[in-house]
There are 2 protein chains.
Amino acid sequence: MDRTPRRIPAATVARLPEYLRVLVGLASDRIATVSSDRLAELAGVNGAKVRKDLSYLGTYGTRGVGYDVDFLLFQMREALGLTQDWPVVVVGAGNLGRALANYGGFGERGFPVAAIVDSDPAKVGTEIGGTIVRPVADLAGIVAEHHHVIGVIATPGHVAQAVADALVVAGVQAILNFAPALVSVPPHISLRKVDLALELQVLSFYQSHRETRAVG
Amino acid sequence: MDRTPRRIPAATVARLPEYLRVLVGLASDRIATVSSDRLAELAGVNGAKVRKDLSYLGTYGTRGVGYDVDFLLFQMREALGLTQDWPVVVVGAGNLGRALANYGGFGERGFPVAAIVDSDPAKVGTEIGGTIVRPVADLAGIVAEHHHVIGVIATPGHVAQAVADALVVAGVQAILNFAPALVSVPPHISLRKVDLALELQVLSFYQSHRETRAVG
DNA sequence: GACTGTGAAGTAGTTCACAGCT
DNA sequence: AGCTGTGAACTACTTCACAGTC
């Protein structure tokens, strides 16, 4: 009865989506319970880490038995805030933006593409993956139409900061930046970045140094 | 004169591509020297971290002056192994694979798309971003045609392990996995993963918990 | 007997703060 | 005076190891 809401370490938060993926698989295989060691094996980590991570969620398994898959799945979705959808607005209808909008993986995982916007009038009105490209001026309207929209920056690096500023003005609270550029936002806005080439560069480093550094 | 080749921490390696990006920008602006604090500001970190990171490379700046941009740029490319190109073979010509192959950002940064392969005969022979899709059976040939090819897995999760195995058999030494699945490889193979939806899930977590956790 | 939950120990990464060079 | 390079202090994260529960 001690749902201690301890502060969850960032490293743990980053692993929760992995556990979620594993649990979805177990549930669809009709597996009822799972031990920390088995979950760890499927997620590519170790049992102690799983137990400590889950303990931060206030999730209790059963000693001698393990964790109830359905209950843990529910709790994981709850913890990650995935009991609701988070519509995404993609800014930039170039290669990367089209790619992300066409890639079905976002919608499947609770992040439907609500809109795509682009500053190029030639692109406005074209269709990408069933969504019509809208002008950047529509941003505020798009944010107002939906609840808690996440902004995705898929533009060249040199306009990334301007796009981020526009997203913030439009009322977006969370931004995912795919552009290879540093972006800064007011402290109350959540910001994360993904650099598609960065991991290739890291691989290049380890190949050049003839050391293997495996990462799940 | 003490080019100590200390082991470079993984956290430092992950930041080198950021420094590289900043240095490329400074060099194109014809800026000759940069201090650790300025470099830190442009990379979104702090000065002490920059100095410590650069010290692992055995890179020496000049006290009272800073770092020579061109020299540091050269060293950074050298450290990352980017004095050569690393051709990439994309496995999977679905939405994600087409996206990655069309996305010019890889080629620009030294990772040209050498080939795209797919197991679907209907896709083989079609063109994506100037490259003809080849059958999976061509993998070994593609690896032999080029030096040090990096394999990129852009398939659905349920075939990711089989693709990884095929890449290893074909002689690939480094793999970047975009599929949302755990993949394991022999210890001498470098493996990294990128999960496009994971960062959205992390944003969802922080939004739900109404805490802002900014990340450069 | 099996397996969780967690303090304690160990390891990695960050930041401080300042000596030392230009 | 300005700025690097780095031990030392600190903080975050991981792993161990075992008491507690089923």
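Just so we're clear, the structure is a prediction, and the values are computed from it rather than from any experiment. Here is the naming used below: chain letters follow the sequence lines, and residue numbers restart at 1 for every chain.
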Rounded to whole Å, CG of B:Asn46 lies from P of D:dT11 at a distance of 15 Å

If the plane angle is over 60° it's perpendicular, under 30° parallel, otherwise tilted; pick one for B:Phe106 and B:Tyr103. perpendicular

Separation of D:dT14 atom P from A:Asp53 atom CG, nearest Å, is 7 Å

Whole-Å distance, A:Arg7 CZ to D:dA12 P, equals 12 Å

When rounded to whole Å, the CG to P distance for the pair A:Asp37 and C:dG5 reads 13 Å

Whole-Å distance, A:Leu54 CG to C:dT6 P, equals 11 Å

Rounded to whole Å, CD1 of B:Ile8 lies from P of D:dT6 at a distance of 14 Å

TODO: Using the side-chain contact (heavy atoms from CB on, under 4.5 Å) rule, take A:Val13 and B:His209 through it: C-alpha gap first, then chi angles, then the decisive distance, then the call.
DONE: CA-CA 11 Å; A:Val13 173; B:His209 292 245; over 6 Å; no

At less than 4.0 Å, is any side-chain N or O atom of B:Tyr67 found next to OP1 or OP2 of D:dG5? Yes or no.
yes

Can you list the steps and then say if A:Arg15 with A:Val45 is a side-chain contact (heavy atoms from CB on, under 4.5 Å)? CA-CA 9 Å; A:Arg15 281 188 294 270; A:Val45 299; 4.0 Å; yes

Applied to residues 149-176 of chain A, the side chain to side chain donor-acceptor pair (under 3.5 Å) test, sequence neighbours excluded, yields A:Gln161-A:Asp165

Those residues at least two apart in sequence (or on a different chain) that pass side chain to side chain contact (heavy atoms under 4.5 Å, CB included) with B:Ala48 are B:Asn46, B:Arg51

Of the listed C:dG5, D:dC13, C:dC18, the closest approach to the A:Pro9 side chain comes from D:dC13

Report each atom pair, protein N/O against N/O of nucleotides 8-10 of chain C, whose distance is under 3.5 angstrom.
residue: C:dA8; atom: N6; partner: A:Lys52; partner atom: NZ; Å: 3.4

Checking D:dT15, D:dG5, D:dC13 against the side chain of B:Tyr60 (C-beta onward), the nearest is D:dG5

Across all chains, not counting sequence neighbours, the side chain to side chain contact (heavy atoms under 4.5 Å, CB included) partners of A:Ala27 are A:Val69, A:Asp70, A:Leu73

Residue set satisfying side chain to side chain contact (heavy atoms under 4.5 Å, CB included) with A:Ser35, at least two apart, ordered chain then number -> A:Asp37, A:Arg38

Does either side chain, that of B:Gln84 or that of B:His148, offer a donor lying less than 3.5 Å from an acceptor on the other one? yes

Can you give me the N/O atom pairs linking the protein to nucleotides 19-22 of chain C at distances under 3.5 Å, or say none if there are none?
residue: C:dG20; atom: N3; partner: B:Arg63; partner atom: NH1; Å: 3.3
residue: C:dT22; atom: O4'; partner: B:Arg63; partner atom: O; Å: 3.1

Between CZ of B:Arg38 and C1' of D:dG2 the distance, given in whole Å, is 17 Å

note: B:Lys49, atom NZ; C:dA17, atom P; distance rounded to Å ~ 17 Å

Only one of A:Leu100, A:Val152, A:Ile116 passes side chain to side chain contact (heavy atoms under 4.5 Å, CB included) with A:Val88, and that residue is A:Val152

Side-chain atoms of B:Ser35 come closest, of D:dC16, C:dG5, D:dT4, to D:dT4

